[in-house]
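Letters A, B, ... are given to chains in the order of the sequence lines, protein chains preceding strands, and every chain is numbered from 1. These values consider heavy atoms only, across backbone and side chains, with no hydrogens, waters or symmetry-generated copies.
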Amino acid sequence: MKIRISDDALAIACGADAVAQAFIHAGAEVERVSSWGMHWLEPLVDIDGTGYVNVTADQVRAIMAGTAESIGSIAEHPFITRQSRLTFARAGKTRPTSLDDYYASEGWLGLAKARAIGADATIETVLESGLRGRGGAGFPAGIKWKTVASAQAATKYIVCNADEGDSATFADRMVMEGDPFMLIEGMAIAGFAVGAQKGYVYIRSEYPHAIAKMETAIAACAHLIAPFVVEVRVGAGAYVCGEETSLLNSLEGKRGEVRAKPPLPALEGLFGKPTVVNNVLTLAAIPWILTHGGEAYASYGMGRSKGTMPVQLAGNVKHGGLFEVGFGITLGELVNDIGGGTDSGRPVRCVQVGGPLGAYIPPSRFDLPFDYEAFAAADALIGHAGITVFDDTVDMAQMARFAMEFCAVESCGKCTPCRLGSTRGVETLDQIIAGKNVEANLALLADLSETMKFGSLCALGGFTPYPVMSAITHFPEDFR
Amino acid sequence: MISLADILAEHAEREGPLLPILHDVQKVETRPVLKLCRAEACKARGVEALVPVAEGQTRVKVEPIYCLGLCSVGPAALVGETVHARLDSARLTALLASV
(Lines give C-alpha, C1' and ligand atoms only; values in the text may rest on other atoms or scores of the structure.)
Protein backbone atom coordinates (compact mmCIF):
# COMPACT_ATOMS: atom_id res chain seq x y z
CA MET A 1 0.00 0.00 0.00
CA LYS A 2 1.56 3.25 -1.19
CA ILE A 3 0.18 6.37 0.48
CA ARG A 4 0.93 9.71 -1.09
CA ILE A 5 0.09 13.07 0.44
CA SER A 6 1.24 16.40 -0.94
CA ASP A 7 3.69 18.58 0.94
CA ASP A 8 2.85 21.62 -1.16
CA ALA A 9 2.24 24.74 0.98
CA LEU A 10 -1.42 24.78 -0.04
CA ALA A 11 -1.97 21.18 1.07
CA ILE A 12 -0.16 21.95 4.31
CA ALA A 13 -2.30 25.06 4.86
CA CYS A 14 -5.34 22.80 4.46
CA GLY A 15 -4.04 20.36 7.08
CA ALA A 16 -1.99 17.79 5.13
CA ASP A 17 0.77 17.52 7.76
CA ALA A 18 -1.61 16.37 10.48
CA VAL A 19 -3.13 13.80 8.10
CA ALA A 20 0.29 12.45 7.12
CA GLN A 21 1.25 12.21 10.81
CA ALA A 22 -1.93 10.27 11.56
CA PHE A 23 -1.12 7.72 8.84
CA ILE A 24 2.42 7.33 10.18
CA HIS A 25 1.08 6.84 13.74
CA ALA A 26 -1.23 4.15 12.39
CA GLY A 27 1.83 2.33 11.07
CA ALA A 28 1.62 3.30 7.41
CA GLU A 29 4.42 4.56 5.21
CA VAL A 30 3.75 7.93 3.64
CA GLU A 31 5.39 9.54 0.63
CA ARG A 32 5.17 13.32 0.50
CA VAL A 33 4.68 14.29 -3.12
CA SER A 34 3.76 17.34 -5.20
CA SER A 35 0.14 18.42 -5.49
CA TRP A 36 -2.23 17.26 -8.22
CA GLY A 37 -3.53 20.82 -8.28
CA MET A 38 -7.13 19.92 -7.36
CA HIS A 39 -7.09 22.38 -4.53
CA TRP A 40 -10.71 22.10 -3.48
CA LEU A 41 -10.03 18.44 -2.63
CA GLU A 42 -6.99 19.03 -0.42
CA PRO A 43 -5.85 17.38 1.72
CA LEU A 44 -6.00 14.68 -0.94
CA VAL A 45 -4.76 11.23 0.05
CA ASP A 46 -3.62 8.99 -2.78
CA ILE A 47 -3.58 5.28 -1.94
CA ASP A 48 -2.32 3.23 -4.87
CA GLY A 49 -3.92 5.74 -7.24
CA THR A 50 -7.27 5.96 -5.46
CA GLY A 51 -8.19 9.34 -4.03
CA TYR A 52 -9.65 10.26 -0.63
CA VAL A 53 -10.55 13.91 -0.41
CA ASN A 54 -10.71 16.66 2.24
CA VAL A 55 -9.24 14.15 4.64
CA THR A 56 -8.88 14.93 8.32
CA ALA A 57 -6.79 13.01 10.83
CA ASP A 58 -9.82 11.33 12.40
CA GLN A 59 -10.74 9.68 9.07
CA VAL A 60 -7.41 7.88 8.76
CA ARG A 61 -8.53 4.67 10.50
CA ALA A 62 -11.55 4.30 8.26
CA ILE A 63 -9.43 4.89 5.15
CA MET A 64 -6.92 2.26 6.21
CA ALA A 65 -9.70 -0.17 7.07
CA GLY A 66 -11.15 0.33 3.59
CA THR A 67 -14.48 1.62 4.85
CA ALA A 68 -14.05 5.26 3.78
CA GLU A 69 -15.56 6.69 0.64
CA SER A 70 -13.16 7.45 -2.24
CA ILE A 71 -13.40 9.39 -5.50
CA GLY A 72 -11.89 6.46 -7.39
CA SER A 73 -8.89 6.89 -9.65
CA ILE A 74 -7.31 10.34 -9.28
CA ALA A 75 -5.67 10.20 -12.70
CA GLU A 76 -9.09 9.56 -14.28
CA HIS A 77 -10.79 12.49 -12.53
CA PRO A 78 -12.34 14.73 -15.23
CA PHE A 79 -10.43 17.76 -13.89
CA ILE A 80 -7.22 15.88 -14.74
CA THR A 81 -8.23 14.08 -17.95
CA ARG A 82 -9.37 17.35 -19.56
CA GLN A 83 -5.90 18.85 -19.20
CA SER A 84 -2.79 18.69 -21.38
CA ARG A 85 -0.17 18.44 -18.70
CA LEU A 86 3.28 19.07 -20.15
CA THR A 87 4.84 21.35 -17.51
CA PHE A 88 2.79 19.70 -14.78
CA ALA A 89 3.26 16.13 -16.03
CA ARG A 90 4.75 15.04 -12.69
CA ALA A 91 2.20 16.84 -10.50
CA GLY A 92 0.94 14.56 -7.74
CA LYS A 93 3.24 11.74 -8.78
CA THR A 94 6.79 12.47 -7.64
CA ARG A 95 8.61 13.49 -4.48
CA PRO A 96 9.72 17.06 -5.25
CA THR A 97 13.34 16.82 -4.13
CA SER A 98 13.96 13.16 -5.04
CA LEU A 99 16.56 12.86 -7.80
CA ASP A 100 15.52 9.20 -8.25
CA ASP A 101 11.92 10.19 -8.94
CA TYR A 102 13.06 12.92 -11.33
CA TYR A 103 15.33 10.55 -13.25
CA ALA A 104 12.52 8.01 -13.47
CA SER A 105 10.16 10.55 -15.06
CA GLU A 106 12.09 11.93 -18.04
CA GLY A 107 14.30 14.07 -15.79
CA TRP A 108 17.47 15.56 -17.28
CA LEU A 109 16.61 14.30 -20.81
CA GLY A 110 16.14 17.88 -22.03
CA LEU A 111 19.55 18.99 -20.79
CA ALA A 112 21.19 15.91 -22.32
CA LYS A 113 19.44 16.64 -25.62
CA ALA A 114 20.58 20.27 -25.58
CA ARG A 115 24.16 19.26 -24.92
CA ALA A 116 23.96 16.69 -27.73
CA ILE A 117 22.55 19.03 -30.38
CA GLY A 118 24.52 22.14 -29.38
CA ALA A 119 23.63 25.69 -28.39
CA ASP A 120 22.38 26.95 -31.78
CA ALA A 121 20.07 23.99 -32.36
CA THR A 122 18.75 24.36 -28.78
CA ILE A 123 17.71 27.95 -29.49
CA GLU A 124 16.22 26.81 -32.82
CA THR A 125 14.11 24.26 -30.93
CA VAL A 126 12.82 26.93 -28.54
CA LEU A 127 12.04 29.23 -31.50
CA GLU A 128 10.21 26.39 -33.25
CA SER A 129 8.13 25.68 -30.12
CA GLY A 130 6.67 29.19 -30.31
CA LEU A 131 7.07 29.49 -26.52
CA ARG A 132 6.29 33.01 -25.32
CA GLY A 133 7.20 34.55 -21.98
CA ARG A 134 4.73 33.23 -19.42
CA GLY A 135 5.24 36.11 -16.98
CA GLY A 136 2.69 38.19 -18.81
CA ALA A 137 4.44 40.07 -21.60
CA GLY A 138 4.28 37.12 -23.99
CA PHE A 139 7.56 37.94 -25.73
CA PRO A 140 8.95 34.99 -27.75
CA ALA A 141 11.47 33.21 -25.51
CA GLY A 142 13.60 31.99 -28.43
CA ILE A 143 14.17 35.53 -29.73
CA LYS A 144 15.23 36.74 -26.28
CA TRP A 145 17.65 33.81 -26.01
CA LYS A 146 19.04 34.50 -29.49
CA THR A 147 19.69 38.14 -28.56
CA VAL A 148 21.61 37.13 -25.44
CA ALA A 149 23.47 34.36 -27.29
CA SER A 150 24.70 36.75 -29.97
CA ALA A 151 25.72 39.45 -27.48
CA GLN A 152 29.50 39.54 -27.06
CA ALA A 153 30.41 39.33 -23.38
CA ALA A 154 32.60 37.14 -21.17
CA THR A 155 29.93 37.00 -18.47
CA LYS A 156 26.21 36.39 -19.01
CA TYR A 157 23.39 35.53 -16.64
CA ILE A 158 20.13 33.62 -16.49
CA VAL A 159 17.63 35.19 -14.11
CA CYS A 160 14.49 33.33 -13.20
CA ASN A 161 11.71 35.66 -12.14
CA ALA A 162 9.97 33.82 -9.30
CA ASP A 163 8.49 36.97 -7.75
CA GLU A 164 4.97 35.68 -8.27
CA GLY A 165 3.10 38.54 -6.63
CA ASP A 166 -0.14 38.58 -8.61
CA SER A 167 -3.21 37.54 -6.69
CA ALA A 168 -4.74 34.38 -8.22
CA THR A 169 -1.42 33.02 -9.34
CA PHE A 170 0.33 30.05 -7.78
CA ALA A 171 1.74 28.07 -10.71
CA ASP A 172 5.30 29.30 -10.09
CA ARG A 173 4.98 28.32 -6.45
CA MET A 174 3.70 24.88 -7.44
CA VAL A 175 6.62 24.36 -9.85
CA MET A 176 9.21 25.38 -7.26
CA GLU A 177 7.62 23.33 -4.47
CA GLY A 178 6.54 20.39 -6.59
CA ASP A 179 9.10 20.01 -9.37
CA PRO A 180 12.16 22.14 -8.58
CA PHE A 181 14.56 20.04 -10.67
CA MET A 182 12.51 20.82 -13.80
CA LEU A 183 13.02 24.55 -13.25
CA ILE A 184 16.74 24.10 -12.56
CA GLU A 185 17.05 21.95 -15.68
CA GLY A 186 15.33 24.66 -17.73
CA MET A 187 17.74 27.26 -16.38
CA ALA A 188 20.73 25.03 -17.11
CA ILE A 189 19.51 24.56 -20.70
CA ALA A 190 19.10 28.33 -21.06
CA GLY A 191 22.61 28.85 -19.65
CA PHE A 192 24.05 26.32 -22.08
CA ALA A 193 22.18 27.85 -25.04
CA VAL A 194 23.22 31.46 -24.49
CA GLY A 195 26.62 30.90 -22.90
CA ALA A 196 25.75 32.01 -19.37
CA GLN A 197 27.71 30.70 -16.41
CA LYS A 198 25.40 31.59 -13.58
CA GLY A 199 21.70 31.62 -12.83
CA TYR A 200 19.72 33.35 -10.11
CA VAL A 201 16.23 32.43 -8.94
CA TYR A 202 14.59 35.50 -7.42
CA ILE A 203 11.92 34.18 -5.04
CA ARG A 204 9.53 36.31 -3.02
CA SER A 205 9.81 36.12 0.76
CA GLU A 206 6.10 35.23 1.00
CA TYR A 207 7.02 31.75 -0.31
CA PRO A 208 9.12 30.17 2.48
CA HIS A 209 8.31 26.62 1.33
CA ALA A 210 9.39 27.31 -2.24
CA ILE A 211 12.66 28.86 -1.03
CA ALA A 212 13.43 25.77 1.08
CA LYS A 213 12.62 23.29 -1.71
CA MET A 214 14.67 25.18 -4.28
CA GLU A 215 17.68 25.39 -1.94
CA THR A 216 17.51 21.63 -1.30
CA ALA A 217 17.10 20.78 -4.98
CA ILE A 218 19.94 23.07 -6.11
CA ALA A 219 22.32 21.45 -3.62
CA ALA A 220 21.24 17.95 -4.72
CA CYS A 221 21.81 18.48 -8.45
CA ALA A 222 24.76 20.90 -8.52
CA HIS A 223 27.00 18.20 -10.03
CA LEU A 224 24.50 17.51 -12.82
CA ILE A 225 24.24 21.07 -14.08
CA ALA A 226 27.93 22.00 -13.61
CA PRO A 227 29.70 24.12 -14.77
CA PHE A 228 26.43 26.10 -14.62
CA VAL A 229 25.63 27.34 -11.12
CA VAL A 230 22.24 28.34 -9.70
CA GLU A 231 21.65 30.48 -6.63
CA VAL A 232 18.48 31.51 -4.81
CA ARG A 233 17.93 35.16 -3.91
CA VAL A 234 15.02 36.17 -1.71
CA GLY A 235 12.92 39.27 -2.27
CA ALA A 236 11.71 41.57 0.46
CA GLY A 237 8.00 42.02 -0.13
CA ALA A 238 7.96 44.54 -2.97
CA TYR A 239 5.42 43.75 -5.70
CA VAL A 240 7.24 45.92 -8.24
CA CYS A 241 10.30 43.65 -8.01
CA GLY A 242 8.37 41.24 -10.23
CA GLU A 243 9.01 43.77 -13.00
CA GLU A 244 12.20 42.59 -14.64
CA THR A 245 14.32 45.74 -14.39
CA SER A 246 13.51 46.44 -10.73
CA LEU A 247 14.15 42.75 -10.06
CA LEU A 248 17.62 43.18 -11.58
CA ASN A 249 18.25 46.25 -9.40
CA SER A 250 17.11 44.31 -6.34
CA LEU A 251 19.44 41.41 -7.27
CA GLU A 252 22.31 43.88 -7.50
CA GLY A 253 21.56 45.05 -3.95
CA LYS A 254 20.03 48.34 -5.08
CA ARG A 255 16.56 49.76 -4.44
CA GLY A 256 13.89 47.87 -6.33
CA GLU A 257 13.36 50.74 -8.75
CA VAL A 258 12.36 50.33 -12.38
CA ARG A 259 14.98 51.03 -15.04
CA ALA A 260 14.16 52.79 -18.29
CA LYS A 261 14.36 50.56 -21.39
CA PRO A 262 16.45 50.58 -23.57
CA PRO A 263 18.95 49.21 -22.84
CA LEU A 264 17.21 45.85 -22.93
CA PRO A 265 18.20 43.44 -20.14
CA ALA A 266 19.11 40.98 -22.91
CA LEU A 267 22.01 43.29 -23.77
CA GLU A 268 22.65 45.14 -20.50
CA GLY A 269 20.96 43.25 -17.70
CA LEU A 270 22.28 42.03 -14.37
CA PHE A 271 25.47 43.94 -13.43
CA GLY A 272 25.34 45.41 -16.94
CA LYS A 273 25.85 42.00 -18.59
CA PRO A 274 23.65 40.26 -21.20
CA THR A 275 20.90 38.54 -19.23
CA VAL A 276 17.99 36.23 -19.98
CA VAL A 277 15.15 37.17 -17.60
CA ASN A 278 12.42 34.55 -17.88
CA ASN A 279 9.45 33.65 -15.71
CA VAL A 280 9.37 30.32 -13.83
CA LEU A 281 6.78 28.85 -16.21
CA THR A 282 8.79 29.83 -19.29
CA LEU A 283 11.93 28.09 -18.03
CA ALA A 284 9.94 25.15 -16.66
CA ALA A 285 8.49 24.49 -20.13
CA ILE A 286 11.97 24.16 -21.64
CA PRO A 287 12.93 20.59 -20.59
CA TRP A 288 9.72 19.19 -22.14
CA ILE A 289 10.32 21.18 -25.34
CA LEU A 290 13.87 19.88 -25.68
CA THR A 291 12.86 16.30 -24.85
CA HIS A 292 9.86 16.13 -27.17
CA GLY A 293 10.79 18.73 -29.79
CA GLY A 294 9.62 22.24 -30.62
CA GLU A 295 7.04 21.00 -33.11
CA ALA A 296 5.35 18.75 -30.54
CA TYR A 297 4.95 21.75 -28.20
CA ALA A 298 3.69 24.02 -30.99
CA SER A 299 1.00 21.47 -31.88
CA TYR A 300 -0.90 22.70 -28.79
CA GLY A 301 -2.53 26.12 -28.73
CA MET A 302 -3.98 28.50 -31.29
CA GLY A 303 -2.79 31.31 -33.58
CA ARG A 304 0.37 32.88 -32.29
CA SER A 305 -0.23 31.51 -28.77
CA LYS A 306 1.49 28.16 -28.96
CA GLY A 307 1.72 25.40 -26.41
CA THR A 308 -0.01 25.07 -23.09
CA MET A 309 -0.77 27.51 -20.30
CA PRO A 310 -1.04 26.46 -16.67
CA VAL A 311 -4.25 28.35 -15.87
CA GLN A 312 -4.88 29.09 -12.20
CA LEU A 313 -8.51 29.03 -11.07
CA ALA A 314 -8.84 31.09 -7.90
CA GLY A 315 -11.04 33.24 -5.75
CA ASN A 316 -14.69 32.37 -5.35
CA VAL A 317 -14.59 29.28 -7.57
CA LYS A 318 -15.96 25.85 -6.76
CA HIS A 319 -13.19 23.78 -8.33
CA GLY A 320 -10.13 25.91 -7.74
CA GLY A 321 -6.69 24.76 -8.73
CA LEU A 322 -4.22 24.34 -11.53
CA PHE A 323 -5.52 23.57 -15.01
CA GLU A 324 -2.87 23.24 -17.73
CA VAL A 325 -4.40 23.43 -21.17
CA GLY A 326 -3.59 24.45 -24.75
CA PHE A 327 -4.33 28.08 -25.62
CA GLY A 328 -7.72 28.63 -27.26
CA ILE A 329 -10.03 27.33 -24.55
CA THR A 330 -12.70 29.93 -23.76
CA LEU A 331 -12.98 31.82 -20.53
CA GLY A 332 -16.49 30.45 -20.05
CA GLU A 333 -15.30 26.84 -20.30
CA LEU A 334 -12.63 27.56 -17.70
CA VAL A 335 -14.89 29.37 -15.23
CA ASN A 336 -18.14 27.44 -15.59
CA ASP A 337 -17.41 23.95 -16.99
CA ILE A 338 -14.10 23.33 -15.28
CA GLY A 339 -14.26 25.74 -12.36
CA GLY A 340 -17.88 24.81 -11.66
CA GLY A 341 -18.94 28.43 -11.08
CA THR A 342 -18.69 30.09 -7.69
CA ASP A 343 -17.90 28.33 -4.45
CA SER A 344 -20.61 30.38 -2.71
CA GLY A 345 -23.21 29.04 -5.16
CA ARG A 346 -24.23 32.57 -6.14
CA PRO A 347 -24.07 33.80 -9.77
CA VAL A 348 -20.70 34.75 -11.24
CA ARG A 349 -20.58 38.54 -11.57
CA CYS A 350 -17.13 38.87 -13.11
CA VAL A 351 -13.64 37.48 -13.26
CA GLN A 352 -10.31 39.25 -13.11
CA VAL A 353 -7.71 37.70 -15.38
CA GLY A 354 -4.01 38.45 -14.98
CA GLY A 355 -3.72 39.57 -11.38
CA PRO A 356 -4.06 43.06 -9.86
CA LEU A 357 -3.21 44.68 -13.20
CA GLY A 358 -5.68 42.60 -15.20
CA ALA A 359 -9.08 43.63 -16.50
CA TYR A 360 -12.40 42.66 -14.93
CA ILE A 361 -14.42 40.69 -17.46
CA PRO A 362 -18.22 40.15 -17.26
CA PRO A 363 -19.90 36.83 -18.18
CA SER A 364 -21.12 38.41 -21.43
CA ARG A 365 -17.53 38.20 -22.66
CA PHE A 366 -16.93 34.60 -21.56
CA ASP A 367 -16.70 33.59 -25.23
CA LEU A 368 -13.18 35.07 -25.26
CA PRO A 369 -10.62 32.44 -26.20
CA PHE A 370 -7.53 32.19 -24.01
CA ASP A 371 -5.10 33.74 -26.47
CA TYR A 372 -2.69 36.67 -26.09
CA GLU A 373 -4.00 38.52 -29.17
CA ALA A 374 -7.71 37.92 -28.49
CA PHE A 375 -7.33 39.25 -24.95
CA ALA A 376 -5.36 42.30 -26.09
CA ALA A 377 -8.07 43.07 -28.67
CA ALA A 378 -10.65 43.00 -25.85
CA ASP A 379 -8.62 45.48 -23.71
CA ALA A 380 -7.66 42.68 -21.35
CA LEU A 381 -4.56 40.67 -20.66
CA ILE A 382 -3.73 37.07 -19.89
CA GLY A 383 -0.82 38.02 -17.68
CA HIS A 384 0.33 35.00 -15.69
CA ALA A 385 -3.02 33.31 -16.35
CA GLY A 386 -4.56 33.64 -12.93
CA ILE A 387 -8.35 33.89 -12.93
CA THR A 388 -10.10 35.34 -9.86
CA VAL A 389 -13.82 34.58 -9.79
CA PHE A 390 -16.21 36.96 -7.99
CA ASP A 391 -19.87 36.38 -7.17
CA ASP A 392 -22.65 38.97 -7.30
CA THR A 393 -21.88 40.38 -3.85
CA VAL A 394 -18.75 42.14 -5.15
CA ASP A 395 -18.71 45.95 -5.16
CA MET A 396 -16.81 46.93 -8.30
CA ALA A 397 -16.24 50.53 -7.16
CA GLN A 398 -14.39 49.13 -4.15
CA MET A 399 -12.37 46.80 -6.40
CA ALA A 400 -11.44 49.73 -8.68
CA ARG A 401 -10.40 51.72 -5.63
CA PHE A 402 -8.33 48.77 -4.39
CA ALA A 403 -6.50 48.59 -7.73
CA MET A 404 -5.45 52.25 -7.41
CA GLU A 405 -4.63 51.83 -3.72
CA PHE A 406 -2.48 48.76 -4.45
CA CYS A 407 -0.60 50.72 -7.12
CA ALA A 408 -0.05 53.59 -4.68
CA VAL A 409 1.29 51.23 -2.00
CA GLU A 410 3.53 49.28 -4.37
CA SER A 411 4.75 52.06 -6.71
CA CYS A 412 8.55 52.31 -6.76
CA GLY A 413 8.13 56.07 -7.08
CA LYS A 414 10.41 56.60 -10.02
CA CYS A 415 7.85 57.89 -12.52
CA THR A 416 5.22 60.52 -11.84
CA PRO A 417 2.14 58.98 -13.51
CA CYS A 418 2.38 55.91 -11.28
CA ARG A 419 3.58 57.59 -8.07
CA LEU A 420 1.14 60.51 -8.04
CA GLY A 421 -1.51 59.20 -10.40
CA SER A 422 -2.36 56.23 -8.21
CA THR A 423 -2.88 58.38 -5.11
CA ARG A 424 -4.99 60.90 -7.08
CA GLY A 425 -6.88 57.90 -8.44
CA VAL A 426 -7.77 56.70 -4.93
CA GLU A 427 -8.93 60.20 -3.99
CA THR A 428 -11.03 60.55 -7.13
CA LEU A 429 -12.63 57.15 -6.57
CA ASP A 430 -13.41 58.14 -2.96
CA GLN A 431 -15.25 61.18 -4.33
CA ILE A 432 -17.18 58.99 -6.77
CA ILE A 433 -18.06 56.44 -4.08
CA ALA A 434 -19.26 59.33 -1.88
CA GLY A 435 -21.48 60.49 -4.75
CA LYS A 436 -19.73 63.83 -5.28
CA ASN A 437 -19.62 65.25 -8.85
CA VAL A 438 -19.79 61.69 -10.15
CA GLU A 439 -19.85 62.37 -13.90
CA ALA A 440 -17.07 64.96 -13.78
CA ASN A 441 -14.94 62.75 -11.55
CA LEU A 442 -15.46 59.73 -13.81
CA ALA A 443 -14.25 61.81 -16.77
CA LEU A 444 -11.27 62.93 -14.71
CA LEU A 445 -10.51 59.35 -13.75
CA ALA A 446 -10.63 58.25 -17.40
CA ASP A 447 -8.20 61.03 -18.28
CA LEU A 448 -5.91 60.09 -15.40
CA SER A 449 -6.00 56.46 -16.49
CA GLU A 450 -4.91 57.46 -20.01
CA THR A 451 -1.96 59.35 -18.55
CA MET A 452 -0.96 56.42 -16.37
CA LYS A 453 -1.37 53.92 -19.20
CA PHE A 454 0.83 55.78 -21.66
CA GLY A 455 3.13 57.72 -19.35
CA SER A 456 4.29 55.12 -16.80
CA LEU A 457 7.69 53.47 -17.02
CA CYS A 458 6.50 49.93 -16.35
CA ALA A 459 3.42 47.74 -16.20
CA LEU A 460 2.54 48.66 -12.59
CA GLY A 461 1.41 52.19 -13.41
CA GLY A 462 0.75 51.33 -17.05
CA PHE A 463 -1.69 48.48 -16.41
CA THR A 464 -3.45 49.65 -13.21
CA PRO A 465 -5.98 51.45 -15.50
CA TYR A 466 -7.09 48.02 -16.84
CA PRO A 467 -8.92 46.88 -13.68
CA VAL A 468 -10.13 50.44 -12.99
CA MET A 469 -11.50 51.24 -16.44
CA SER A 470 -12.87 47.74 -17.09
CA ALA A 471 -14.81 47.93 -13.82
CA ILE A 472 -16.31 51.29 -14.87
CA THR A 473 -17.04 50.14 -18.43
CA HIS A 474 -18.68 46.82 -17.59
CA PHE A 475 -20.27 47.68 -14.24
CA PRO A 476 -21.27 51.37 -14.48
CA GLU A 477 -24.16 50.83 -12.04
CA ASP A 478 -21.66 50.35 -9.17
CA PHE A 479 -20.27 53.86 -9.67
CA ARG A 480 -23.45 55.95 -9.97
CA MET B 1 -0.10 51.92 16.71
CA ILE B 2 2.84 53.19 18.76
CA SER B 3 4.46 56.27 17.24
CA LEU B 4 8.07 57.35 17.46
CA ALA B 5 6.93 60.34 19.51
CA ASP B 6 5.38 58.00 22.10
CA ILE B 7 8.62 56.04 22.38
CA LEU B 8 10.77 59.14 22.73
CA ALA B 9 8.40 60.49 25.36
CA GLU B 10 8.63 57.22 27.25
CA HIS B 11 12.41 57.38 27.21
CA ALA B 12 12.69 61.14 27.77
CA GLU B 13 14.02 60.71 31.30
CA ARG B 14 16.67 58.25 30.24
CA GLU B 15 20.26 59.42 30.04
CA GLY B 16 22.91 58.18 27.69
CA PRO B 17 23.51 57.83 23.97
CA LEU B 18 20.64 57.54 21.52
CA LEU B 19 21.61 54.19 19.97
CA PRO B 20 20.58 51.89 22.88
CA ILE B 21 17.32 53.79 23.05
CA LEU B 22 16.73 53.12 19.36
CA HIS B 23 17.44 49.45 20.00
CA ASP B 24 14.59 49.51 22.50
CA VAL B 25 12.44 51.12 19.84
CA GLN B 26 13.00 48.10 17.61
CA LYS B 27 12.04 45.79 20.46
CA VAL B 28 8.79 47.59 21.14
CA GLU B 29 6.76 45.24 18.94
CA THR B 30 6.89 42.00 20.90
CA ARG B 31 3.48 40.65 19.94
CA PRO B 32 3.18 37.69 17.58
CA VAL B 33 2.38 38.76 14.01
CA LEU B 34 -0.28 37.28 11.76
CA LYS B 35 -0.20 38.32 8.12
CA LEU B 36 -3.67 38.20 6.64
CA CYS B 37 -3.93 38.16 2.84
CA ARG B 38 -6.05 41.06 1.60
CA ALA B 39 -5.48 40.61 -2.16
CA GLU B 40 -8.23 40.13 -4.75
CA ALA B 41 -8.66 36.35 -4.58
CA CYS B 42 -8.95 36.39 -0.79
CA LYS B 43 -11.33 39.37 -1.05
CA ALA B 44 -13.45 37.29 -3.44
CA ARG B 45 -13.52 34.59 -0.77
CA GLY B 46 -14.60 36.97 1.97
CA VAL B 47 -11.50 38.11 3.83
CA GLU B 48 -12.90 41.61 4.38
CA ALA B 49 -15.61 40.15 6.63
CA LEU B 50 -12.82 38.74 8.83
CA VAL B 51 -11.11 42.08 9.38
CA PRO B 52 -13.36 43.00 12.37
CA VAL B 53 -12.40 39.67 13.97
CA ALA B 54 -8.71 40.50 13.52
CA GLU B 55 -9.18 44.03 14.80
CA GLY B 56 -11.32 42.89 17.72
CA GLN B 57 -8.24 41.76 19.63
CA THR B 58 -4.85 43.28 20.40
CA ARG B 59 -2.79 40.30 21.58
CA VAL B 60 -1.68 39.44 18.04
CA LYS B 61 -0.56 42.08 15.58
CA VAL B 62 -2.44 41.58 12.33
CA GLU B 63 -0.79 42.95 9.21
CA PRO B 64 -1.98 42.85 5.62
CA ILE B 65 -0.02 40.80 3.07
CA TYR B 66 -0.63 40.72 -0.64
CA CYS B 67 -0.82 37.15 -1.80
CA LEU B 68 0.50 33.92 -0.37
CA GLY B 69 -0.24 31.87 -3.50
CA LEU B 70 -3.12 30.10 -1.73
CA CYS B 71 -5.69 31.88 -3.88
CA SER B 72 -8.02 28.92 -4.43
CA VAL B 73 -8.42 28.16 -0.71
CA GLY B 74 -8.49 31.61 0.88
CA PRO B 75 -8.84 33.53 3.07
CA ALA B 76 -5.25 32.72 3.90
CA ALA B 77 -2.75 33.83 6.51
CA LEU B 78 0.92 33.44 7.38
CA VAL B 79 2.28 33.16 10.93
CA GLY B 80 6.06 32.94 10.89
CA GLU B 81 6.55 30.37 8.15
CA THR B 82 3.30 28.51 8.87
CA VAL B 83 0.52 28.86 6.33
CA HIS B 84 -3.21 28.74 7.09
CA ALA B 85 -6.11 28.51 4.64
CA ARG B 86 -9.92 28.32 4.49
CA LEU B 87 -10.20 30.78 7.35
CA ASP B 88 -13.62 31.77 8.58
CA SER B 89 -14.57 33.72 11.64
CA ALA B 90 -14.30 30.73 14.00
CA ARG B 91 -11.03 29.46 12.55
CA LEU B 92 -9.40 32.88 12.60
CA THR B 93 -10.50 33.39 16.21
CA ALA B 94 -9.00 30.02 17.17
CA LEU B 95 -5.82 30.77 15.23
CA LEU B 96 -5.42 34.18 16.87
CA ALA B 97 -5.80 32.54 20.28
CA SER B 98 -3.23 29.85 19.49
CA VAL B 99 -0.31 31.90 18.19
Legend entry - Working for salt bridge (charged side-chain N to carboxylate O under 4.0 Å, His left out), residues A:R349 and A:D478: CA-CA 12 Å; A:R349 180 132 192 251; A:D478 285 23; 2.9 Å; yes

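Of the listed residues (A:S167, A:G320, A:A314), the one with the most heavy-atom contacts under 4.5 Å to chain B is A:S167. In terms of non-hydrogen atom pairs under 4.5 Å with chain A, the most contact-rich of B:K43, B:E40, B:R86 is B:E40. Counting heavy-atom pairs closer than 4.5 Å to chain B, the top residue among A:D343, A:V409, A:I12, A:V394 is A:D343.
Proximity to chain B (any heavy atom under 4.5 Å) is restricted, for A:M399, to the side chain, taken from C-beta onward. Both the backbone and the side chain of B:L70 have a heavy atom closer than 4.5 Å to some heavy atom of chain A. Interface residue A:D166: only backbone heavy atoms are found under 4.5 Å from chain B. At a 4.5 Å heavy-atom cutoff, the contact between A:H209 and chain B is made by side-chain atoms alone. When heavy atoms are compared at a cutoff of 4.5 Å, A:V317 approaches chain B solely by way of its backbone atoms N, CA, C and O. With a threshold of 4.5 angstrom between heavy atoms, A:E410 approaches chain B through side-chain atoms but not through N, CA, C or O. Of the two parts of A:L313, only the backbone, made up of N, CA, C and O, holds a non-hydrogen atom closer than 4.5 Å to a non-hydrogen atom of chain B. The contact between A:T388 and chain B is made entirely by side chain atoms (from C-beta outward), counting heavy-atom distances below 4.5 Å. In this structure, the portion of A:Q352 lying under 4.5 Å from any heavy atom of chain B is its side chain and not its backbone.
In this structure, a donor-acceptor pair under 3.5 Å is absent between the side chains of A:S6 and A:E42.
Within the 3.5 Å criterion, the main-chain N or O of A:G92 finds a donor-acceptor partner in the side chain of A:S34. A:E324 places no side-chain N or O within 3.5 Å of a backbone atom of A:L322 that could act as its donor or acceptor partner. Judged by distance alone, the side chain of B:R45 and the main-chain N or O of A:N316 form no donor-acceptor pair under 3.5 Å. Not one N or O on the side chain of B:E81 forms a donor-acceptor pair closer than 3.5 Å with the backbone of A:P208. The main-chain N or O of B:P64 is never found under 3.5 Å from a side-chain atom of B:R38 such that the two would form a donor-acceptor pair.
Classified by interplanar angle (parallel below 30°, tilted 30° to 60°, perpendicular above 60°), the ring pair A:F402/A:F406 is tilted.
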